[in-house]
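Comments concern the structure below.
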Amino acid sequence: MSAQPTRAESFRALHHGTTPLVLPNVWDPVSARVVAEAGYPAIATSSGAVARVIGYDDGQLTPPADMFTAIRRIADAVDLPVTADMEAGYGLPAKEFVERLLETGAVGCNLEDSVDGAMLDLERQADYLSEVRAAAGADLVINARIDNFLYGGAVEDAVTRGRAYRRAGADCVYPIFAPTALLATLADGIGGPLNAHARPNGPTPADLIARGATRISYGTSLHTFVTNALRELLPDLT
């Protein structure tokens, strides 16, 4: 029997534990090892950070093969469940997407519902998530990102999308950049695990957990923080 379903189920269970799941997003094997050494129970990647490290930018601009290779290197570097931020799936059919992602050793993924600055059709996105779930079975923990707050969307639309994605098989939903004050409304309206976005210098995980978040991630913010620290350091090295 493959160990992967067991690792996926272990990662899924972290979404329902007594302690909220905090995931500082990584971008390469070194950052993944640092997070593992700090005692976090799982590793999450940031698509934007990974893309920039390998020479591209966020927004589905990374060739899928390059992203899958980067995820494999991260998964090989740590003995923890790895969930991969895969943007909107890079235009891949669900079955191919799942097969290639599972081959990297990842047991989870983020899938977002906007491309090129526009929200995807709700039914289309729900159908894609359903196809991913059918192809993966229990071997993949799906975090369905809701992007409408990036474009001034309403809480009602986020709730509608979240409910549809949960029905389609998502394990968790992620209304990225939702105002902290709305998290309790979203958690109550959607049900199930809710991912919220933290960053250095706030909002903190404690703030977000108090509002109803059960999973916390940092997106590209940690990579940006480290990059800015290097930028500030460099003039002093001359």
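No hydrogens, no waters, no symmetry mates; every other heavy atom, side chains included, goes into these values.
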**Study point:** salt bridge (charged side-chain N to carboxylate O under 4.0 Å, His left out) against Glu99, all qualifying residues, sequence neighbours excluded
**Key:** Lys95
Point to revise | Gap between atom NE2 of His197 and atom OG1 of Thr180 - 0.5 Å precision | key: 11.0 Å
Point to revise | salt bridge (charged side-chain N to carboxylate O under 4.0 Å, His left out) involving Arg133 - partner list, sequence neighbours excluded | key: Asp171
Review point. Taking the side chain from Thr83 and the backbone from Cys109, do they hold a donor-acceptor pair closer than 3.5 Å?
Key: yes
Check your understanding: Which residues pass the salt bridge (charged side-chain N to carboxylate O under 4.0 Å, His left out) test with Arg72, sequence neighbours left out?
Key -> none
Practice item. Using a 4.5 Å cut-off on heavy atoms from C-beta on, say whether the side chain of Leu194 contacts that of Val173. Key: yes
Check your understanding: Considering residues at least two apart in sequence or located in another chain, which fulfil the side-chain contact (heavy atoms from CB on, under 4.5 Å) criterion with Ala135?
Key -> Val98
Exercise for review: With sequence neighbours excluded, tell me which residues meet salt bridge (charged side-chain N to carboxylate O under 4.0 Å, His left out) with Arg166.
Suggested key: none
Review point. Which pair of non-hydrogen atoms, one from Pro193 and one from Thr214, has the smallest distance, and what is that distance?
Key: CA-OG1, 3.2 Å
**Study point:** Residues which pass ring-ring contact (aromatic ring centres under 6.0 Å, His included) with Phe225, listed by chain and number, not counting sequence neighbours
**Key:** none
Please list every donor-acceptor pair under 3.5 Å in which a side-chain atom of residues 13-21 meets a protein atom from a residue at least two apart or in another chain.
| from | atom 1 | to | atom 2 | distance (Å) |
| --- | --- | --- | --- | --- |
| His15 | ND1 | Phe11 | O | 3.0 |
| His15 | ND1 | Arg12 | O | 3.4 |
| His15 | NE2 | Arg215 | NH1 | 2.8 |

Check your understanding: Should His223 and Val226 count as side-chain neighbours, where that means a heavy-atom distance under 4.5 Å?
Key -> no
Point to revise | side-chain contact (heavy atoms from CB on, under 4.5 Å) involving Asp207 - partner list, sequence neighbours excluded | key: Pro203, Thr204
Check your understanding: Does Leu237 have any side-chain contact (heavy atoms from CB on, under 4.5 Å) partners at least two apart in sequence or in another chain, and if so, which?
Key -> Leu233, Leu234
Point to revise | Main-chain N/O of Gly189 paired to Arg163 side chain as donor or acceptor, under 3.5 Å | key: yes
Practice item. Let me see the working for Val78 and Tyr40 under side-chain contact (heavy atoms from CB on, under 4.5 Å), right down to the final yes or no. Key: CA-CA 11 Å; Val78 292; Tyr40 289 89; over 6 Å; no
Review point. Is there a donor-acceptor contact under 3.5 Å from the side chain of Thr160 to the main chain of Glu156?
Key: yes
Check your understanding: Do Asp139 side-chain atoms and Ala8 backbone N/O form a donor-acceptor pair below 3.5 Å?
Key -> no
Practice item. For residues Leu120 and Tyr128, determine if any side-chain heavy atom of one lies less than 4.5 Å from a side-chain heavy atom of the other. Key: no
Revision key, fill the gap. Closest heavy-atom pair, Tyr218 versus Asn25, reported as atoms and distance to 0.1 Å, is N-OD1, 2.6 Å
Review point. Which residue pairs pass the salt bridge (charged side-chain N to carboxylate O under 4.0 Å, His left out) test when at least one of the two sits in residues 46-69, sequence neighbours left out?
Key: Arg52-Asp57
Practice item. Please collect all salt bridge (charged side-chain N to carboxylate O under 4.0 Å, His left out) contacts where either partner lies in residues 76-92, sequence neighbours excluded, each pair once. Key: Arg7-Asp79
Study note, to complete from the structure: The complete set of salt bridge (charged side-chain N to carboxylate O under 4.0 Å, His left out) pairs with one or both residues in residues 106-130, sequence neighbours excluded, reads Glu112-Arg145, Asp113-Arg161
